[in-house]
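Letters A, B, ... mirror the listed sequences (proteins, then strands); counts begin at 1. Nothing here was measured: the structure is a model prediction, and the numbers come from that model.
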Number of protein chains: 2
Amino acid sequence: MATIHDVAQRAGVSGATVSRFFNGGYVGAPTRAAIEKAVRELGYVPNSVARALSAKSSRVVGLVVPSITNPFFPELAYAVEEECAKRGFRLVLCNAGGSAEKEKAFIEALAAGFADGIITSTGNCGEAYDRIGIPVVSVDRELGSGAPHVTSDNYSGGRMAFRCLQRAGRKRLLFLGVPEESTSQRRRREGFLDEARRAGVEVDILVANDEAEYSTLCDQADRLSRYDGIFAWNDIAAVGAIRTLHQAGKKVPRDVAVIGFDDIHIARLFIPSISTIAQCISEMGRAATELLMRMISGENLVGVNYLLGVELMERETTAGKQGGGHETTRHPEFGDSRGSGAARAYGHHLHSRLRTSHTGGGS
Amino acid sequence: MATIHDVAQRAGVSGATVSRFFNGGYVGAPTRAAIEKAVRELGYVPNSVARALSAKSSRVVGLVVPSITNPFFPELAYAVEEECAKRGFRLVLCNAGGSAEKEKAFIEALAAGFADGIITSTGNCGEAYDRIGIPVVSVDRELGSGAPHVTSDNYSGGRMAFRCLQRAGRKRLLFLGVPEESTSQRRRREGFLDEARRAGVEVDILVANDEAEYSTLCDQADRLSRYDGIFAWNDIAAVGAIRTLHQAGKKVPRDVAVIGFDDIHIARLFIPSISTIAQCISEMGRAATELLMRMISGENLVGVNYLLGVELMERETTAGKQGGGHETTRHPEFGDSRGSGAARAYGHHLHSRLRTSHTGGGS
DNA sequence: TTGCCATGTGTAACCGGTTCCAGTTTGATT
DNA sequence: AATCAAACTGGAACCGGTTACACATGGCAA
């Protein structure tokens, strides 16, 4: 690989001038032409590592996710990457895979000059984010520290899920979660339980082993069959539940209604199509990236948080017991409303109304 | 952030000694203790950028994918990342999103010192990989250049797909593809068509607009309904086809049988479960990484290619017209057999038999 | 005693850029 | 004509590490 000095020599100028040629400084027209020629002939591309060392900035953002096989996270990564690219940043996807050890290693590596900032959707080792010296924003999770976070209104989503199942005439309800308790899962469950309590309905909780994501929960078929309404904490779990019920000979939604959370692509395509609480994933990615960029520019955003509205996508899996429509119905019951489902599906950028909360003091 | 010089000063030694402390060289016991103490007190972590500049190696591998929302690629990324991590390399996921421009930018950035090697599953701008000076391995695609590639036996897979539909008693067959013609898609189609020709069966081809991945192909419902057997070039397309047929009031597999390709997680969970030609994604990732690592170590592997066996996973969407079993049946008709479905599902590492072909001369 | 090797440490050059500063040339202003 | 600023360029320091080399010291064999 040619270096800046090779170019300089060939063009008959100094390295400093070549550097200015690339970074915008005084360069005379003849010099400029000579450098252009040398660059072309040598196929010179500035070395990004050397540049990063000198600039003390790599223009790289690290995104730490707990899983890459749950489509929610690739969809999030897509949104973050888009927004980063717009601002000339590159995205490095780090899949912690549920291992706190791996996550810690990623954080350390990212902080060691590798990245200018971190967006994380994993909360396994919150303390590790505290003293690393580069900006951190969390999305879909809350870190213990004062790092800004972007989350959906999970609590309202939980309430919506309950009301949806109730409208479908369901009485014996179950919340289906996983062992690692994220703030997101907790909020969803609390909303669901609170709304049930208010309605005087009892709800059971089942913590399924999530070790094999996409698991069919086979060993839990009997358990699931006891209910006629299930709120799965995310869409992947909903798919697993529906599949399990199917294999146990139960019909969804006739015997059991199921509602998920996230509105990943597959929810709309599944047969029966899966009712779910939609998060605006692209907006989450956009907002998180924006916050991070502001922090990288030096702003202090401690305690600045975004809370995004969610929306009920009522599809086939929560049809009423008497049968019901097959069309998706949108119900922005609580929180702010969001853009239309069609727009989301085609990736348009929605600037949904945000609730910005300041829970801590910026200095 | 503390530098190596801060540590050196605090420990009362030179920077070179601290460097040796980290990289293994002669360091006396008392010196070692002093450095350890200083490192701990300062929370020192070596700067990876400076290290990369000096070592002329970043220990980073770039993985370029054409899409991140098709679960095949996250599953591949997972496998590659695992293998990289084992060897002390980090993975950078680059989502070209079908844009040749974006892909080119990624390649250039990766080659500019950012990465030590590239694994690509995109073939949009093959020439761009030619003169970049770092090792390149392609997976699931073939580059024009002599870069080693790891692919599944797509041709045999196409033949299996035909035989599967034929066994299910289907007569009016369709191949469902997308406009961007990858070598993978071509091989699958050719295998399918050749086997059909051999059997004296005519087959139609439909090139669906893939712009919106996960599209329901709504505008094509009439067209799809004309057939009673569809071979979708990948599982995502199969999901789209099944959904479209469902909305058009056609039953799968009663009216139309559908078979996909890849065996992504959702294929097994979908209702009806989707028959598909399984690629051993984890093995593809493992093999590609291994080849790349060998190239990074200096080996010349021009023309060394891996061809991995595929396996028919016969599920519900290709049940016979008279109805049929609901269980998955495995059919390793052509090519080498692979590990059991169960093992795959749980992510065990299979060392499937490989066919290694040498199509060019290493020097 | 001499010589040699293993061990331990510091100095300085280097990786490939960026940027401050100083110096030269040119053109416009007073 | 003298002054000054703008345009242009090179030298050298610096970013934070690694490593070749020189220089100690001490133990052991010849």
Side-chain angles (χ1 to χ4, degrees), chain A residues 1-36 38-39 42-60 88 108-116 132-134, chain B residues 1-36 38-39 42-60 88 108-116 132-134:
Chain A
M1 277 278 111
T3 73
I4 201 167
H5 303 291
D6 299 333
V7 175
Q9 196 170 3
R10 193 175 190 101
V13 298
S14 77
T17 303
V18 178
S19 176
R20 273 189 294 263
F21 169 85
F22 280 102
N23 300 297
Y26 291 126
V27 181
T31 312
R32 181 172 295 275
I35 295 176
E36 263 166 6
V39 166
L42 293 169
Y44 170 72
V45 178
N47 183 303
S48 59
V49 174
R51 206 189 268 242
L53 177 61
S54 186
K56 290 166 166 292
S57 157
S58 56
R59 297 189 82 71
V60 164
E108 209 164 71
L110 290 172
F114 198 92
D116 290 347
I132 57 173
I134 60 173
Chain B
M1 277 277 113
T3 72
I4 201 169
H5 303 291
D6 300 333
V7 175
Q9 196 169 2
R10 194 176 189 99
V13 298
S14 76
T17 304
V18 179
S19 178
R20 275 189 293 263
F21 169 86
F22 280 102
N23 300 297
Y26 293 124
V27 181
T31 311
R32 182 171 294 275
I35 294 177
E36 263 167 6
V39 166
L42 293 169
Y44 170 73
V45 178
N47 183 303
S48 59
V49 175
R51 205 189 270 239
L53 177 62
S54 187
K56 289 167 166 292
S57 157
S58 57
R59 298 190 80 73
V60 163
E108 209 164 71
L110 290 172
F114 198 92
D116 290 348
I132 57 173
I134 60 172

Would you mind reading off the distance between A/Tyr44 atom OH and C/dG16 atom P, rounded to a whole angstrom?
10 Å
When rounded to the nearest 0.5 angstrom, what is the spacing between CG in B/Leu42 and CZ in B/Arg10?
5.0 Å
Is the CD atom of B/Gln9 crowded by more than 12 outside heavy atoms at less than 6.0 Å?
no
Send over the distance from B/Arg32 CZ to C/dT7 P, rounded to a whole Å.
13 Å
Identify the two heavy atoms, one from A/Arg32 and one from A/Val27, that lie closest to each other, and give their separation to 0.1 Å.
NH2-CB, 3.6 Å
Across the strands shown, which category fits A/Ser48 at heavy-atom distances under 4.0 angstrom: base, sugar-phosphate, nothing?
nothing
Starting at CZ of A/Arg51 and ending at P of C/dT18, how long is that distance when rounded to a whole Å?
5 Å
Looking at B/Thr31, I'd like to know whether one of its side-chain N or O atoms comes within less than 4.0 Å of OP1 or OP2 on C/dT9.
yes
In whole angstrom, what separates B/Leu53's CG from C/dC14's P?
14 Å
Within the modelled atom types, does a donor on one side and an acceptor on the other bring the side chain of A/Thr3 and the base of C/dG16 under 3.5 Å apart?
no
Please tell me if the side chains of B/Arg51 and B/Asn23 come closer than 4.5 Å, counting only heavy atoms from C-beta onward.
yes
Is B/Ser19 near enough to D/dT18 that one of its side-chain N or O atoms lies under 4.0 angstrom from OP1 or OP2?
yes
How would you label the contact of B/Val18 with the nucleic acid (heavy atoms, under 4.0 Å): base, sugar-phosphate, or nothing?
nothing
Crowded around B/Glu108 CD? As in, over 12 foreign heavy atoms under 6.0 Å?
no
Which part of the nucleic acid does A/Ala16 contact within heavy-atom distance under 4.0 Å: base, sugar-phosphate only, or nothing?
base
To the nearest 0.5 Å, how far apart are CG in A/Leu53 and OG in B/Ser54?
10.0 Å
Return whichever of B/Arg20 or A/Ala50 has its heavy-atom-nearest nucleotide of DNA chain C closer to the 5' end.
B/Arg20
Base, sugar-phosphate, or nothing for B/Phe22, non-hydrogen atoms under 4.0 angstrom?
nothing
So what does B/Val49 hit on the nucleic acid, given a heavy-atom distance under 4.0 Å: a base, only sugar-phosphate, or nothing?
nothing
d(CZ, B/Phe21; C1', D/dT18) in whole Å:
16 Å
Would you say a side-chain N or O of B/Tyr26 is under 4.0 Å from OP1 or OP2 of C/dC5?
no
Please check the phosphate of C/dG16 (OP1 and OP2 only) for any side-chain N or O of B/Lys56 closer than 4.0 Å.
yes
May I ask you to verify if any side-chain N or O of B/Thr17 is less than 4.0 angstrom from the OP1 or OP2 atom of C/dG10?
yes
Could you check how far NE2 of B/His5 sits from C1' of C/dA12, rounded to whole Å?
12 Å
For C/dG17 and A/Asn47 - does any side-chain N or O of the residue sit under 4.0 Å from the phosphate oxygens OP1/OP2?
no
Looking at every strand, decide which applies to B/Val27 at a 4.0 Å heavy-atom threshold: base, sugar-phosphate, or nothing.
sugar-phosphate
Rounded distance (Å) that lies between atom C1' of C/dT18 and atom CD1 of A/Ile4:
8 Å
